[in-house]
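Structure first, then comments.
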Amino acid sequence: ILHSLTGGQNMFTSRQMTADAIRRAPELVSTVNHRGLQPLGELVRRAKQKLFYPPTDKVDFMARAIVGAGGDPNARDDQGQTLLHLAATI
């Protein structure tokens, strides 16, 4: 669910839905998608590829919400890369 919300086009709906999803199921912050990324990693991937607009407000809000709920900024994907690797290579 959180992986999908990172790509929503409506920033305000995404904020509310993200907050609701995390409040109802905080374990979602550590789920892994088909790319081996947790929601924070998917958010970084989409931000680097500019897959949504406006990026700054949405990325900031969602990153803080995910990390605040226990999302791991040091998590590794299925290839062993961290978010820093992802941010530097995309």
Side-chain angles (χ1 to χ4, degrees):
I1 293 174
L2 288 180
H3 295 87
S4 296
L5 291 174
T6 64
Q9 295 298 316
N10 184 323
M11 181 178 66
F12 301 106
T13 301
S14 295
R15 282 183 176 201
Q16 182 178 0
M17 291 176 72
T18 299
D20 288 346
I22 290 172
R23 186 178 64 252
R24 293 175 188 215
E27 67 276 5
L28 292 175
V29 299
S30 60
T31 58
V32 177
N33 69 5
H34 65 282
R35 290 185 180 89
L37 296 171
Q38 293 182 3
L40 191 58
E42 184 66 17
L43 181 66
V44 169
R45 184 189 76 81
R46 289 176 186 243
K48 289 296 291 183
Q49 293 182 342
K50 299 178 182 161
L51 296 176
F52 50 77
Y53 182 86
T56 53
D57 289 343
K58 182 175 183 176
V59 170
D60 182 58
F61 173 82
M62 293 189 83
R64 288 175 187 273
I66 291 169
V67 171
D72 184 2
N74 297 310
R76 295 181 179 269
D77 66 13
D78 57 358
Q79 297 179 8
Q81 296 198 348
T82 65
L83 294 178
L84 183 57
H85 291 114
L86 184 64
T89 59
I90 294 179

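Note that the structure is a prediction, hence the values are computed from the model and not measured. Any value given below was found using the heavy atoms of this structure, including those in side chains, with hydrogens, waters and symmetry copies removed.
A heavy-atom distance below 4.5 Å is not found between the side chains of Gln81 and Leu86. With contacts defined as side-chain heavy-atom distances shorter than 4.5 Å, the pair Ile66/Ile22 qualifies. Counting heavy atoms from C-beta outward, Ser30 and Asp72 have side chains that stay 4.5 Å or more apart. Inter-residue side-chain proximity for Pro73 and Leu40 is flagged as met; some heavy-atom pair is nearer than 4.5 Å.
The minimum heavy-atom distance between Ala47 and Val59, with the atom names listed, is CB-CG2, 3.7 Å. The two atoms that bring Arg24 and Pro26 nearest to each other are C-CD, 3.8 Å, heavy atoms only. Scanning both residues, Leu43 and Met62, for their nearest heavy atoms gives CD2-CB, 3.7 Å.
Atom-to-atom distance recorded for Asn74:CG and Leu83:CG is 8.0 Å, nearest 0.5 angstrom. Rounding to the nearest 0.5 angstrom, the gap separating the CD atom in Glu42 from the CG atom in Asn33 is 5.0 Å.
Cluster annotation: Val44 and Leu84 are assigned to distinct hydrophobic clusters (Ile/Leu/Val/Met/Phe/Trp/Tyr, side-chain heavy-atom contacts under 4.5 Å, transitive).
Remark: Gln79 CD is loosely packed, at most 12 non-hydrogen atoms of other residues, nucleotides or ligands lying under 6.0 Å away.
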